[in-house]
> 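First the structure, then my questions, so here it is.
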Amino acid sequence: GENVEQHPSTLSVQEGDSAVIKCTYSDSASNYFPWYKQELGKGPQLIIDIRSNVGEKKDQRIAVTLNKTAKHFSLHITETQPEDSAVYFCAASPGTYKYIFGTGTRLKVLA
Amino acid sequence: GAGVSQSPSNKVTEKGKDVELRCDPISGHTALYWYRQRLGQGLEFLIYFQGNSAPDKSGLPSDRFSAERTGGSVSTLTIQRTQQEDSAVYLCASSLRQGQNEQFFGPGTRLTVL
């Protein structure tokens, strides 16, 4: 069945450094790739998304890249701040309402 | 405006009991999802409602799980004869319409089955 692998499961970076989270999907029909941030005790919140007709998208300190050939997509956070500490989830959607989520990355930004 | 709300925020129950979890989606959102999030795991799709269409129940793990959505708004997820492996956070999300649109999540209900 459809599967999304996410790495690493935990990531610690110094404040100001960059963080990169990578995902791989299995369903070649996937054409929409959102990223969600989940803070402690809250539901996930969309932070950025990318569609398959685009290779890269940026929004201030966050960017997402997509390699459709390799079925990889990545989240890049630059100049990390303590408030970036959270669990991040990638997801892939094959053109329907269904999202297949990765298992999450716990990011800790050390002050 | 108000976001997605869920109640209760925490529920502790004994094995074998039934539980009901409630979700109030954002007003006007026609699509509603339930997910299960086990400790340290990703979000596992359970069920999807879209307007008056028949729901997609393909993610429900057993016939002990059921959900309904009354009047196209509030939804309840019912787990009968709870088991310890049902312990998880149950998340509800709504989106404006069908398709690849932003899902707005509630804070979840943490269910603990003793």
Side-chain angles (χ1 to χ4, degrees), chain A residues 1-11 21 23-27 29-54 57 59 64 66 73 86-107, chain B residues 2-10 21 23-26 29-51 53-61 69 88-110:
Chain A
E2 302 99 346
N3 184 49
V4 174
E5 293 189 0
Q6 182 171 347
H7 300 281
S9 56
T10 59
L11 178 60
I21 302 170
C23 289
T24 304
Y25 61 98
S26 61
D27 186 351
S30 295
N31 59 5
Y32 175 64
F33 307 91
W35 286 87
Y36 283 80
K37 175 183 180 182
Q38 186 176 28
E39 296 176 334
L40 197 62
K42 296 183 179 180
Q45 183 174 13
L46 179 71
I47 54 171
I48 194 167
D49 57 13
I50 190 167
R51 298 188 186 270
S52 60
N53 57 345
V54 174
K57 184 176 178 181
D59 183 2
V64 57
L66 172 65
F73 58 113
V87 178
Y88 291 81
F89 291 96
C90 63
S93 176
T96 68
Y97 53 83
K98 259 195 187 162
Y99 292 10
I100 309 299
F101 283 86
T103 49
T105 295
R106 183 173 298 278
L107 174 65
Chain B
V4 177
S5 61
Q6 293 186 245
S7 60
S9 55
N10 278 285
L21 312 180
C23 172
D24 281 88
I26 294 173
H29 280 196
T30 62
L32 186 147
Y33 301 76
W34 282 98
Y35 292 92
R36 179 169 68 179
Q37 185 177 27
R38 288 185 162 134
L39 190 63
Q41 301 291 311
L43 281 68
E44 178 187 358
F45 168 80
L46 296 178
I47 189 168
Y48 167 77
F49 295 91
Q50 169 56 38
S53 303
D56 177 356
K57 304 179 182 180
S58 61
L60 295 178
R69 188 177 185 192
V89 174
Y90 289 82
L91 289 163
C92 173
S94 70
S95 66
L96 189 57
R97 56 186 181 275
Q98 182 176 339
Q100 295 170 336
N101 299 286
E102 179 176 358
Q103 294 184 29
F104 294 82
F105 283 84
T109 293
R110 181 175 297 278

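Hydrogens, waters and symmetry mates are skipped; everything else that's a heavy atom, side chains included, is used. Chain letters run A, B, ... following the sequence lines, proteins first, then strands; residues in each count from 1.
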> In terms of heavy-atom proximity below 4.5 Å to chain A, should B:Ser58 be classed as side chain, backbone, both, or neither?
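Just its side chain gets close to chain A.
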> For B:Tyr35, is it the side chain, the backbone, both or neither that has a heavy atom under 4.5 Å from a heavy atom of chain A?
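Looking at B:Tyr35, just its side chain touches chain A.
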> Might you confirm whether atom CD of A:Gln45 has over 12 heavy atoms from other residues, nucleotides or ligands at distances under 6.0 Å?
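Not buried by this count: 12 neighbours or fewer within 6.0 Å.
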> At a 4.5 Å cut-off on heavy atoms, which part of A:Arg106 comes close to chain B: side chain, backbone, both, or neither?
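No part of it gets close to chain B.
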> Which bit of A:Gln6 is near chain B, if near means a heavy-atom gap under 4.5 Å: side chain, backbone, both or neither?
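The answer is neither part of A:Gln6.
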> With chain A as the partner, which of B:Gly106, B:Gly42, B:Ser95, B:Ala93 has the greatest number of non-hydrogen pairs under 4.5 Å?
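Top count of heavy-atom pairs under 4.5 Å with chain A: B:Gly42.
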> On a heavy-atom basis, which atom in A:Pro44 and which in B:Leu91 lie closest, and how many Å separate them?
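The pair with the smallest heavy-atom distance is CD-CD1, 3.9 Å.
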> So which heavy atom on B:Glu102 is nearest to which on A:Tyr99, and how close?
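Distance-wise, the nearest heavy atoms are N-OH, 4.4 Å.
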> Which answer fits A:Tyr32, side chain, backbone, both or neither, if we ask what part of it has an atom under 4.5 Å from a heavy atom of chain B?
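The answer is both parts of A:Tyr32.
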> Given B:Gln37 and A:Val87, is the side-chain contact (heavy atoms from CB on, under 4.5 Å) satisfied, shown in steps?
CA-CA 13 Å; B:Gln37 185 177 27; A:Val87 178; 5.8 Å; no
> Can you give me the closest heavy-atom contact between B:Tyr33 and A:Tyr97, atom names plus distance?
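It is OH-O, 2.9 Å.
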> Taking all heavy atoms of B:Phe45 and all of A:Lys98, pick out the closest pair and write down the distance.
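Between these two residues, the closest heavy atoms are CE2-CE, 3.5 Å.
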> Output the distance between atom CG (B:Leu43) and atom CD1 (A:Ile100), rounded to the nearest 0.5 Å.
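Going from CG on B:Leu43 over to CD1 on A:Ile100, the span is 11.0 Å.
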> I need the B:Phe105 CZ to A:Leu46 CG distance, nearest 0.5 Å.
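Answer for the CZ-CG pair, B:Phe105 versus A:Leu46, is 9.5 Å.
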